[in-house]
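These notes concern the structure reproduced below.
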Amino acid sequence: MEDSIVVPVLGVLLPIIITLGAFIMIVYLRKFENLERMTIIEKGLAPDFFKREKMTNSTIRWSFLLIGIGIGFLMGYWLDETFRMDETGYFSMLFIFGGLGLGLAYYVENRK
């Protein structure tokens with residue numbers, strides 16, 4: 001009887017706990033990052049030390065990734081139909097062609 005109560009309760013509470021944990025983690029990371037910045041500024045270092053480089057070509061990266069995933073789906077379908085590989089073909093081709101898409105985006109970004 002206890003097992004029939006535990007599973008639904010965990011099914012409801014687990015996503016709530018994970019979401020709250022992620023939120024608290026982000027808040028604390030931002031808090032300690034701010035404390036670190038204030039300490040470094042008090043010691044006399046330049047504030048431009050904290051500027052982050054913005055990714056200018058995130059659109060290119062996303063487009064190549066999605067193109068790679070699309071080709072991966074097509075290749076997974078072809079492997080499934082030809083060799084009856086089922087899920088193995090889909091997942092392997094998604095990762096392979098998604099990675100190739102990101103590699104191609106890296107190459108294009110560095111070529112500019």
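Keep in mind it's a predicted model, so treat the numbers as computed, not measured.
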- Item | Heavy-atom check, side chain of Glu36 versus side chain of Ile40, under 4.5 Å | yes

- Task: List in chain and number order the residues that pass side-chain contact (heavy atoms from CB on, under 4.5 Å) with Ile96, two or more places apart in sequence or in another chain; answer none if no residue qualifies.
- Result: Met93, Leu100

- Task: Applying side chain to side chain donor-acceptor pair (under 3.5 Å), name anything that partners Tyr106, two or more places apart in sequence or on another chain.
- Result: Asn110

- Item | Partner set under side-chain contact (heavy atoms from CB on, under 4.5 Å) for Val27, not counting sequence neighbours | Phe23

- Closest non-hydrogen atom pair between Gly11 and Pro15, with its separation: O-CD, 3.3 Å

- Which pairs with one or both residues in residues 96-111 pass salt bridge (Lys or Arg N to Asp or Glu O under 4.0 Å), sequence neighbours excluded? Arg61-Glu109

- Atom CD of Glu33 and atom CG of Leu35: how far apart are they, to the nearest 0.5 Å? 10.5 Å

- Mind checking side-chain contact (heavy atoms from CB on, under 4.5 Å) for Ile16 and listing every partner two or more places apart, or none if nothing turns up? Val12, Leu20

- Item | Partners meeting side-chain contact (heavy atoms from CB on, under 4.5 Å) with Ile24 (sequence neighbours left out) | Tyr28

- Sequence neighbours excluded, the answer for ring pair (Phe, Tyr, Trp, His ring centres under 6.0 Å) partners of Phe83 is Trp78

- Give the other cluster members for Leu14, using side-chain heavy-atom distances under 4.5 Å between Ile, Leu, Val, Met, Phe, Trp and Tyr residues; answer none if it is isolated. Ile18

- Please answer whether the main-chain N or O of Gly89 pairs with a side-chain N or O of Ser92 as donor and acceptor at a distance below 3.5 Å. yes

Side chains of residues 62-77: which donor-acceptor partners sit under 3.5 Å, not counting sequence neighbours?
| from | atom 1 | to | atom 2 | distance (Å) |
| --- | --- | --- | --- | --- |
| Ser63 | OG | Thr59 | O | 3.2 |
| Ser63 | OG | Ile60 | O | 2.8 |

